[in-house]
Number of protein chains: 2
Amino acid sequence: MICRQVLYMRWDMPKISLDVIDRKILAALQRNGRLSNVELADEVGLSPSPCLRRVRLLEEAGMITGYHAALDRAGVGLGLTIFVGVKVERHHEEEATAFREAVQALPEVVSCHLVSGEADFLLQVVVPDLTAYEQLLLGTLLKLPAVSDIRSNFAIQTVKDRAPLPLDHLEAEAR
Amino acid sequence: MICRQVLYMRWDMPKISLDVIDRKILAALQRNGRLSNVELADEVGLSPSPCLRRVRLLEEAGMITGYHAALDRAGVGLGLTIFVGVKVERHHEEEATAFREAVQALPEVVSCHLVSGEADFLLQVVVPDLTAYEQLLLGTLLKLPAVSDIRSNFAIQTVKDRAPLPLDHLEAEAR
DNA sequence: GCACCTGTCGGCATATCATGCCATAAGCGA
DNA sequence: TCGCTTATGGCATGATATGCCGACAGGTGC
């Protein structure tokens with residue numbers, strides 16, 4: 001019998017564990033999210049029925065949070081990527097929450113993390129050009145609640161982007 | 001006739017332009033990359049045939065670079081995300097190239113950009129835990145070619161991640 | 001050792017979908 | 001107004017998704 005290992009559990013999601021085949025499925029769908037179930041089944045060494053069942057379970061368990069088309073940024077006219085470090089004033093938790101909500105609502109901000117170190121928040125911003133960034137920075141970012149300092153780092157070259165998550169660390173543990 | 005606007009062109013890709021429907025398609029597939037063609041066609045207000053044709057064109061034109069499943073990082077046991085600023089020694093272009101190639105080969109590094117500002121490269125690293133990061137930092141990153149300084153910023157909270165690219169800037173230009 | 005239970009597999013039937021082909025409608029220039 | 005170009009929609013066919021069934025293997029208790 002193939003033994004699956006419980007790695008993650010929340011009250012609102014079914015228990016799940018990842019065996020060798022589940023990891024193959026996750027790796028394959030990271031690489032190509034539009035694989036047909038037949039192709040996927042063939043790739044992981046199952047017949048279509050149990051393969052589809054596993055995919056559905058992984059989705060319901062929250063392991064797979066979604067499927068997304070990746071676009072060419074330059075292609076759609078978004079030539080500038082900027083990593084923005086934001087410092088917020090201390091002792092203003094309610095304002096920090098307001099900051100988070102404001103950031104959520106900004107479509108140009110494609111990711112935002114609370115981080116340790118120099119900055120408090122690290123954002124990734126995507127805009128068509130410098131003019132657009134100027135408007136965003138002066139017109140919006142600097143006016144966000146509790147912001148005390150902003151540092152912009154322009155992406156000059158993309159060496160690697162959105163690479164698949166490494167799943168090798170599961171290899172050793174699962175049988 | 002609906003007029004499309006040429007935004008991006010490379011010698012090896014067919015000319016393409018994006019009209020209102022194309023933008024709806026891109027937006028929909030960013031949101032859900034596994035939409036069936038029938039659902040997509042319904043959403044953008046076309047019948048399946050021309051809809052599929054447009055999707056294929058967008059793929060061939062390089063606008064859509066791929067489809068990928070998004071995984072829950074904690075769910076697959078990758079609890080730690082770190083933003084790593086790396087400084088490299090100047091005047092060593094060949095070593096900087098070696099650095100880029102080394103980074104490409106590291107599965108824990110999910111993205112890497114050459115940036116302006118304090119650091120030269122900004123990496124996003126994903127590992128299971130602090131022990132794994134210690135090994136990666138001491139055993140690998142610090143030994144990479146031409147590296148002179150490394151600064152690690154740990155992600156404490158994810159406010160927003162991998163949000164869809166904003167396509168609103170195309171609205172005004174296209175008819 | 002045997003019966004039973006549980007979990008997973010593979011096969012099958014059916015509804016849905018992808019995809020290529022063709023006729024048609026709408027814009028554009030002569 | 002007449003063609004030419006381009007995109008659309010419908011249709012036929014082959015492929016796919018999906019739910020249901022029985023089979024089978026591992027584990028458990030008698």
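Letters go in sequence order (proteins before strands), and every chain restarts at 1. Predicted model, so just to flag it, every value in this text is computed and none were measured.
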task: Nearest whole angstrom, please: distance from the C1' of D:dG19 to the CZ of A:R54.
output: 19 Å
message: Please report the distance, rounded to the nearest Å, between CG in B:L57 and P in C:dG20.
response: 12 Å
- prompt: Between residues 35-44 of chain B and DNA chain C, which residues have a heavy-atom gap below 4.0 Å?
  reply: B:S36, B:N37, B:V38
Side chains of residues 31-38 of chain A: which donor-acceptor pairs under 3.5 Å do they make with residues two or more places apart or in other chains?
unit_1 : atom_1 : unit_2 : atom_2 : d
A:R31  : NH2    : A:E43  : OE2    : 2.7
A:N32  : OD1    : A:R34  : N      : 3.0
A:R34  : NH1    : B:G33  : O      : 3.4
A:R34  : NH2    : B:L35  : O      : 2.7
A:S36  : OG     : A:V38  : N      : 3.4
A:S36  : OG     : A:E39  : N      : 3.1
A:S36  : OG     : A:E39  : OE1    : 3.3
A:N37  : OD1    : A:L52  : N      : 3.4
A:N37  : ND2    : A:P48  : O      : 3.0

field: Euclidean distance, atom CG of residue B:L46 to atom C1' of D:dG9 [Å, nearest integer]
entry: 10 Å
message: Just to verify, what does B:E59 make a salt bridge (charged side-chain N to carboxylate O under 4.0 Å, His left out) with, not counting sequence neighbours?
response: B:R56
- request: Please assess B:F83 against A:F83 for the test ring-ring contact (aromatic ring centres under 6.0 Å, His included), listing each intermediate value before the final yes or no.
  value: CA-CA 11 Å; B:F83 296 94; A:F83 297 94; 8.2 Å; no
- prompt: How many Å lie between CD on B:E60 and C1' on C:dT19, as a whole number?
  reply: 13 Å
message: So, OP1 or OP2 of D:dA17: does either fall under 4.0 Å of a side-chain N or O from A:R56?
response: no
statement: salt bridge (charged side-chain N to carboxylate O under 4.0 Å, His left out) filter on B:D129, not counting sequence neighbours, yields none
Using nucleotides 10-15 of chain D, report all nitrogen or oxygen pairs with the protein that are shorter than 3.5 Å.
unit_1 : atom_1 : unit_2 : atom_2 : d
D:dG10 : O6     : B:S49  : OG     : 2.5

- prompt: Which residue pairs satisfy the salt bridge (Lys or Arg N to Asp or Glu O under 4.0 Å) criterion with at least one member in residues 99-123 of chain A, sequence neighbours excluded?
  reply: A:R90-A:D120, A:E93-A:R100
message: Output the rounded distance in Å from CZ (B:R34) to P (C:dC17).
response: 14 Å
- line: Quick note, salt bridge (Lys or Arg N to Asp or Glu O under 4.0 Å) partners involving residues 132-146 of chain B, not counting sequence neighbours, are none
message: Can you list everything that forms a side chain to side chain donor-acceptor pair (under 3.5 Å) with B:D149? Sequence neighbours excluded, please.
response: B:R151
field: salt bridge (charged side-chain N to carboxylate O under 4.0 Å, His left out) partners for A:R162, two or more places apart
entry: none
